[in-house]
Amino acid sequence: MKNKILIFCTGLLLFLNSCSKDDNPVSNTLNAPIANPAVDITDTSFRAKWSFVSTAQTYLLDVSLNSEFTNILPNYNSKTVTDLNDVVTGLTTATQYFYRVRAKNDSKTSDFSNVISTVTTGQSTIPEDPTFLKVKANALANPFFVGVAVVANRLNNGSPHDVVLRNEFSSITAEYEMKMNPISTGSGSYNWTAADRIVNYGNTNGINVHGHALVWHNAVPNWLTNFTGTNAEFALEVKKYITDVVTRYAGKVKSWDVVNEAADDATGNLRNTIFLQRMGPNYIKDCFRWARDAANAAGDTNLLLFYNDYATSTNIPKQDRVFLIVDDLKASNLIDGVGFQMHNNYLSPSKIQIETDINRAVAKGLKIHISELDIAVNQSNDISTFTNERRLAQKAKYKRNR
C-alpha cells in the first residue's frame with residue numbers, strides 16, 4: 001500500500017512539474033525598451049526617458065549628434081543607467097541630439113530602442129552663413145538648382161520679392177498659373193498672360209524655369225470637364241493642349257511635370273480621375289509621348305520630362321505604384337526624372353525612408369526633383385505657440401531633407 005501511495009505521489013509531482021513548465025515558459029529574450037520623447041529640455045540639457053523592461057537590471061544609453069550614431073557623445077556611449085530616465089548634460093544650445101537605449105541583465109543585452117530626436121533651447125552661437133542659397137548649391141561638387149514657387153503679379157523688378165528671388169534662387173516654378181485650367185479657356189483657346197510673364201522673367205534673369213503641370217486632375221477647365229464628345233475626341237483635346245503648351249515654351253521652359261499625382265493614396269492603384277475614365281490606363285504614357293513629340297517637333301531635344309507625386313516615402317503601396325508608372329515610361333524612353341513632393345513634418349519621414357524612396361529613382365538613372373518641401377511643426381496641435389525648440393527642430397529637419 002505504501003508503495004502504491006509513493007508511486008501515486010511521484011506521478012502527481014511529475015504531472016504538476018510538467019504543467020508548471022507548460023504554463024510558465026521561461027523567456028530566452030530580453031525585450032528592447034521603448035524610448036519616449038525628452039522632457040525638461042533646457043539650453044544645455046534634457047531628460048531622456050524610456051519604458052520599463054521587466055527582466056532588465058540596468059539600461060545602456062547612447063546620445064549622439066546624428067541619427068546614425070557615428071558621433072556619440074563621450075560620456076553617453078552605452079552609459080549605464082539604473083533608472084527609467086537620465087538627465088543628459090553638458091550640451092550645446094540650439095543643437096539637435098538623438099538618443100536610444102538598450103536593456104541589460106547579467107546574461108543578455110536587448111536590441112536598441114527606437115531613436116528619439118530632440119533639440120536644446122536657446123540661440124545658436126554659430127552665426128548664420130550669409131551666402132545666398134544658389135551660391136552655396138553651385139559651389140558643391142555636384143551643383144543643383146534651388147527653386148521657389150512664384151506668382152506672376154509679384155515679379156516686379158526692384159521689389160523686395162524680386163531681389164530675394166534673384167539673389168537666392170536659380171529656378172522658378174509657377175505656383176498655379178501654368179496648370180491647365182488657368183491657360184486653357186476652350187478648345188484651342190488660351191490665356192497666356194500669366195504663364196508668359198513667369199517664363200519671360202526667368203529667361204530674362206537667367207533663372208531656370210520648370211513647368212508645372214501639363215495634366216493634373218484638380219486643374220481641369222470646366223469646358224473639358226463638361227466635354228460631350230467621344231472619349232477619342234477628349235483625348236485629342238488633351239493632346240492638342242499639351243502640344244500647344246510645350247511648343248509655345250520650347251527652349252524656354254527647360255523641364256515639365258507632365259502628369260501630376262496619378263497614384264491613389266488609399267489603394268495603390270491609379271487615381272480614378274477624368275483622364276483615367278476617358279482615356280484609359282495608358283493615358284499617362286500618351287501624355288508623355290505627346291509632350292516628347294511636341295518638343296522634338298519644335299527642335300527642343302533637351303526638354304526634361306518628369307512624373308510628380310507626394311507622400312511616397314511613407315506610403316509604400318503608393319510608392320510601388322509610382323515606380324510601376326515610372327518603369328513603364330522608362331521602358332519607352334519617355335521620362336527623365338521623378339518629382340518628389342515633400343510635405344513632411346519635423347518628426348517624419350525619417351532620413352532612411354526618404355533615401356529609400358529617392359534611391360529607387362536614382363537606381364534607374366533618373367533625375368531627382370524635390371518639387372515641393374515644407375516641414376509642419378504642429379501637425380498634432382500639441383503647441384499653442386511656435387516654441388524655440390520646435391523652430392530649431394524644424395530647421396534641423398529642413399537641413400536633413402535638403
Side-chain angles (χ1 to χ4, degrees), residues 149-152 173-199 209-249 253 255-295 303 305-312 318 321-322 325-326 328-329 334-335 338-341 343 369 371-372:
V150 298
V151 177
T173 303
E175 184 175 302
Y176 196 89
E177 292 162 314
M178 290 177 71
K179 293 184 172 74
M180 186 185 285
N181 58 343
I183 291 178
S184 180
T185 57
S187 177
S189 177
Y190 307 104
N191 180 359
W192 302 110
T193 303
D196 279 356
R197 186 171 181 179
I198 292 169
V199 174
V209 181
H210 175 77
H212 176 80
L214 293 173
V215 171
W216 184 41
H217 60 278
N218 280 334
V220 183
N222 288 335
W223 74 267
L224 189 58
T225 299
N226 300 321
F227 187 74
T228 57
T230 66
N231 288 345
E233 290 169 336
F234 179 95
L236 287 175
E237 292 291 353
V238 176
K239 178 181 180 181
K240 178 174 177 55
Y241 171 79
I242 291 174
T243 301
D244 289 349
V245 173
V246 171
T247 300
R248 183 177 184 86
Y249 296 119
V253 172
S255 54
W256 275 101
D257 292 329
V258 178
V259 176
N260 188 46
E261 300 175 3
D264 185 68
D265 293 341
T267 65
N269 299 319
L270 289 179
R271 192 186 294 273
N272 187 26
T273 68
I274 189 173
F275 300 105
L276 179 65
Q277 294 163 9
R278 303 213 59 176
M279 296 170 61
N282 288 325
Y283 85 90
I284 300 173
K285 184 182 287 186
D286 289 339
C287 292
F288 271 81
R289 182 175 291 111
W290 296 333
R292 181 72 77 203
D293 289 348
L303 181 67
L305 303 182
F306 285 75
Y307 174 79
N308 191 59
D309 219 316
Y310 67 93
T312 54
K318 184 174 183 179
R321 169 56 59 180
V322 165
I325 294 170
V326 168
D328 188 37
L329 295 169
L334 292 173
I335 189 171
V338 180
F340 294 86
Q341 297 179 40
H343 303 298
H369 182 204
S371 54
E372 300 176 40

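Heavy atoms only: backbone and side chains are in, while hydrogens, waters and symmetry mates are out.
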- Message: Testing the basics here: between Ala152 and Ala194, what is the closest heavy-atom pair and its distance to 0.1 Å?
- Response: CB-O, 3.8 Å

- Message: Walk me through whether Gln341 and Asn308 qualify under side-chain contact (heavy atoms from CB on, under 4.5 Å).
- Response: CA-CA 7 Å; Gln341 297 179 40; Asn308 191 59; 3.0 Å; yes

- Axial cation check for Phe234 ring with Lys239, 6.0 Å and 45° limits: no

- Task: Give the minimum heavy-atom separation between Tyr310 and Asp265, together with the two atoms involved.
- Result: OH-OD2, 2.6 Å

- Query: Do His210 and Phe306 come close enough that some side-chain heavy atom pair is under 4.5 Å?
  - Reply: yes

- Message: Between Tyr176 and His212 (judged by ring centroids, cut-off 6.0 Å), do the two rings come close enough to count as a pair?
- Response: no

- Note on the structure: Tyr190 meets the ring pair (Phe, Tyr, Trp, His ring centres under 6.0 Å) criterion, sequence neighbours left out, with Trp192

- Item | Residues Arg321 and Asp309 bridged, charged N to O under 4.0 Å | no

- Rounded to the nearest 0.5 angstrom, the NZ-CG distance for Lys285 and Asn282 is 6.0 Å

- Task: Of all the heavy-atom pairs spanning Leu303 and Trp256, show the shortest one and how long it is.
- Result: CD1-CD1, 3.9 Å

- Query: Quick one: does Arg289's side chain get under 4.5 Å of Leu334's, heavy atoms only?
  - Reply: yes

- Message: With heavy-atom distances below 4.5 Å as the criterion, would you say the side chains of Met178 and Val245 are in contact?
- Response: no

- Task: Heavy atoms only: give me the nearest Ser371-Gly339 pair and the separation to one decimal.
- Result: OG-C, 4.1 Å

- Item | Ionic contact status for Asp244 with Lys240, cut-off 4.0 Å | yes

- Task: Taking the side chain as every heavy atom from C-beta outward, state whether Val238 and Cys287 have any atom pair closer than 4.5 Å.
- Result: yes

- Looking only at heavy atoms, the pair that brings Ala291 and Val246 closest together is O-CG1, 3.8 Å

- Salt-bridge test for Asp264 and Lys318: reply yes if a basic N is under 4.0 Å from a carboxylate O, no otherwise. no

- Can you tell me how far CG of Asp328 sits from CD1 of Ile335, rounded to the nearest 0.5 angstrom? 10.0 Å

- Check step by step if side chain to side chain donor-acceptor pair (under 3.5 Å) holds for Tyr249 and Asp196. CA-CA 9 Å; Tyr249 296 119; Asp196 279 356; 2.6 Å; yes

- Query: Taking the side chain as C-beta and beyond, is there a heavy-atom pair between Asn191 and Ile183 under 4.5 Å?
  - Reply: no

Using distance only, find each side-chain donor-acceptor pair of residues 216-224 under 3.5 Å and give its atom names and separation, not counting sequence neighbours.
{"residue": "Trp216", "atom": "NE1", "partner": "Glu261", "partner atom": "OE1", "Å": "2.9"}
{"residue": "Trp223", "atom": "NE1", "partner": "Ser184", "partner atom": "OG", "Å": "3.1"}

- Is there side-chain contact between Ile284 and Leu270, with at least one heavy-atom pair below 4.5 Å? yes

- Query: Do Thr247 and Thr243 have side-chain N/O donor and acceptor atoms under 3.5 Å apart?
  - Reply: no

- Message: Would you say that Leu214 contacts Val259 through its side chain, given a criterion of any heavy-atom pair below 4.5 Å between the two side chains?
- Response: no

- Task: Would you check if Asn231 and Met279 make a side-chain contact, meaning some heavy-atom pair closer than 4.5 Å?
- Result: no

- Scanning both residues in full, the closest heavy-atom pair of Ala235 with Trp290 reads O-CH2, 3.6 Å

